[in-house]
Amino acid sequence: MTALSAKDKRDWLRLIRSENVGPVTFYRLIERYGTATRALEALPDLAARGGKTNFKIASVSSVDDEIARIEKSGAKLIAKGEPDYPQLLAEIEDAPPLLTIKGRVDLLNKPTLGIVGARNASLAGKRLAEDLSRQISTAGYVIASGLARGIDTAAHTASLSGGTVAAVAGGVDVVYPPENQKLYEQLSIEGCVVAESPFATEPLARHFPRRNRIISGLSLGVLIVEAAAKSGSLITARMALEQNREVFAVPGSPLDPRAEGGNRLIKDGAHLVMRADDILQVMDSLRLRPLRDGGRDWQAGGAIPPAADSGPDDKLRDLILENLSPTPTDLNDLIRTVQAPIPLVLTVILELELAGRIERQAGNKINLV
């Protein structure tokens with residue numbers, strides 16, 4: 001693992017900040033063209049073939065401004081593959097190519113437990129989250145959460161002295177909710193704040209699921225303390241399962257709507273938690289496993305020759321669109337259905353995604369926008 005040059009990091013930032021380029025698309029482009037510089041040159045043509053002629057590439061001045069603001073704030077921009085990048089997070093398919101970090105970077109590669117739960121948590125739920133966070137932190141684990149009201153706030157507060165990481169939905173400089181300003185300031189010094197969104201980004205609803213995958217991605221396991229049937233905490237639990245992480249849940253009264261999500265997780269096989277030892281026994285065995293290397297070295301300069309550069313024809317593009325709908329479709333099923341060479345199909349998918357006509361979902365699925 002080596003640090004990117006300043007120029008390469010700027011090109012990475014331009015690529016991930018360009019229109020319709022998400023993490024998975026970013027990696028496909030790097031894999032195809034070898035460097036972010038060459039990928040940026042190819043973007044307009046790829047998007048045009050997918051049906052979009054006014055594709056917007058992030059400007060050099062906009063990313064230079066973002067980098068300057070990050071540095072002025074005392075934060076740091078780290079790329080996947082660099083030494084400080086969280087190794088466990090690097091394992092997931094859609095790991096952020098770049099993270100903005102404020103605070104103790106050393107916490108990002110220590111054994112971590114994610115703790116999330118209800119924003120409108122009960123007093124008992126918050127006290128339990130504090131007790132569990134404090135005991136698990138004392139046992140040598142970093143606590144990761146999302147800086148939200150309720151359970152998140154309790155988990156961060158109780159684990160400040162031992163080490164805690166907050167993954168935020170907006171920019172690394174944006175405090176949300178505002179009442180956590182003091183906690184944010186403490187985390188910026190004693191703990192660590194992590195953001196994928198551009199500097200100064202105000203958090204929107206669509207940003208929170210992306211934030212949740214970072215919490216689970218940083219962690220060996222995720223604990224749910226109070227979660228309603230359709231809460232964001234259950235999204236975190238689902239992402240943890242997709243990332244092959246352990247899921248823990250605290251049981252609650254069937255009469256309390258805030259316990260419904262956790263009780264359901266336990267019914268479906270999550271570890272039932274009544275005390276810290278219920279977590280530590282599992283976590284202590286998990287921390288002994290070797291980390292995978294996160295797959296291909298995305299900083300490598302050698303491109304994989306794109307077999308499809310001759311370009312798929314319009315008939316294949318139309319056939320793929322005919323077989324897609326707003327309901328997510330498994331990419332492997334699509335390839336079998338259209339019966340075309342895989343490189344050609346993947347090229348069409350890349351073009352359509354850059355054109356904003358399809359989007360990727362977890363589990364190797366795609367759907368029409």
Side-chain angles (χ1 to χ4, degrees), residues 1-70 77-82 85 90 93-100 196-199 201 294-314 316-317 320-321 331 340-360 366 369:
M1 295 186 293
T2 57
L4 286 177
S5 68
K7 180 187 181 304
D8 285 341
K9 188 169 289 189
R10 182 175 68 176
D11 285 345
W12 272 44
L13 191 58
R14 284 188 70 200
L15 184 57
I16 194 60
R17 297 289 187 251
S18 293
E19 188 176 17
N20 297 328
V21 177
V24 175
T25 303
F26 177 96
Y27 298 127
R28 298 296 177 265
L29 287 165
I30 296 293
E31 185 176 54
R32 183 181 179 90
Y33 294 101
T35 67
T37 304
R38 290 198 286 266
L40 286 165
E41 294 170 352
L43 283 180
D45 182 56
L46 288 170
R49 280 153 51 181
K52 186 176 182 63
T53 57
N54 58 340
F55 187 82
K56 297 176 182 177
I57 297 177
S59 67
V60 173
S61 60
S62 67
V63 300
D64 282 348
D65 178 65
E66 182 177 350
I67 291 170
R69 296 174 75 181
I70 289 170
L77 191 66
I78 59 175
K80 182 180 176 184
E82 291 189 316
Y85 193 93
E93 180 189 26
D94 57 347
L98 290 155
L99 290 171
T100 309
E196 176 183 17
S197 298
F199 200 83
T201 299
R296 173 177 161 81
D297 180 2
W298 298 109
Q299 296 181 12
I304 296 176
D309 266 353
S310 57
D313 59 27
D314 291 337
L316 176 57
R317 194 172 290 107
I320 288 173
L321 287 170
L331 183 55
I342 293 175
L344 288 175
V345 176
L346 296 180
T347 296
V348 173
I349 296 303
L350 182 60
E351 294 168 355
L352 293 173
E353 185 176 19
L354 290 172
R357 300 175 70 182
I358 66 170
E359 59 185 358
R360 295 181 188 269
I366 56 175
V369 174

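In this structure, Ile349 and Arg360 have side chains that are in contact, with non-hydrogen atoms separated by less than 4.5 Å. Looking at Thr347 and Arg49, their side chains come closer than 4.5 Å, going by heavy atoms from C-beta outward. With contacts defined as side-chain heavy-atom distances shorter than 4.5 Å, the pair Leu354/Lys52 does not qualify. For the pair Lys9 and Ile67, the minimum side-chain heavy-atom distance is 4.5 Å or more. Residues Tyr85 and Pro96 form a side-chain contact, since some pair of their non-hydrogen atoms from C-beta on lies under 4.5 Å apart. Between Arg32 and Leu346 there is no side-chain heavy-atom pair separated by less than 4.5 Å. With a 4.5 Å cut-off on side-chain heavy atoms, Asp8 and Thr35 do not count as touching. Annotation: side chain of Ser62 is not in contact with side chain of Arg17 (no heavy-atom distance under 4.5 Å).
Of all the heavy atoms in Leu350 and Leu29, the pair that sits closest is CD2-CD2, 3.8 Å. For the pair Ala355 and Ala47, the tightest heavy-atom approach, listed with the atom from each and the gap, is CB-O, 3.8 Å.
Not one N or O on the side chain of Glu353 forms a donor-acceptor pair closer than 3.5 Å with the backbone of Asn20. Between the side chain of Thr53 and the backbone N or O of Ala48, no donor-acceptor pair lies under 3.5 Å.
Note that OH of Tyr33 and CG of Leu43 are 8.0 Å apart. Values are rounded to the nearest 0.5 Å.
A salt bridge links Arg28 with Glu93; the closest basic N to acidic carboxylate O contact falls under 4.0 Å.
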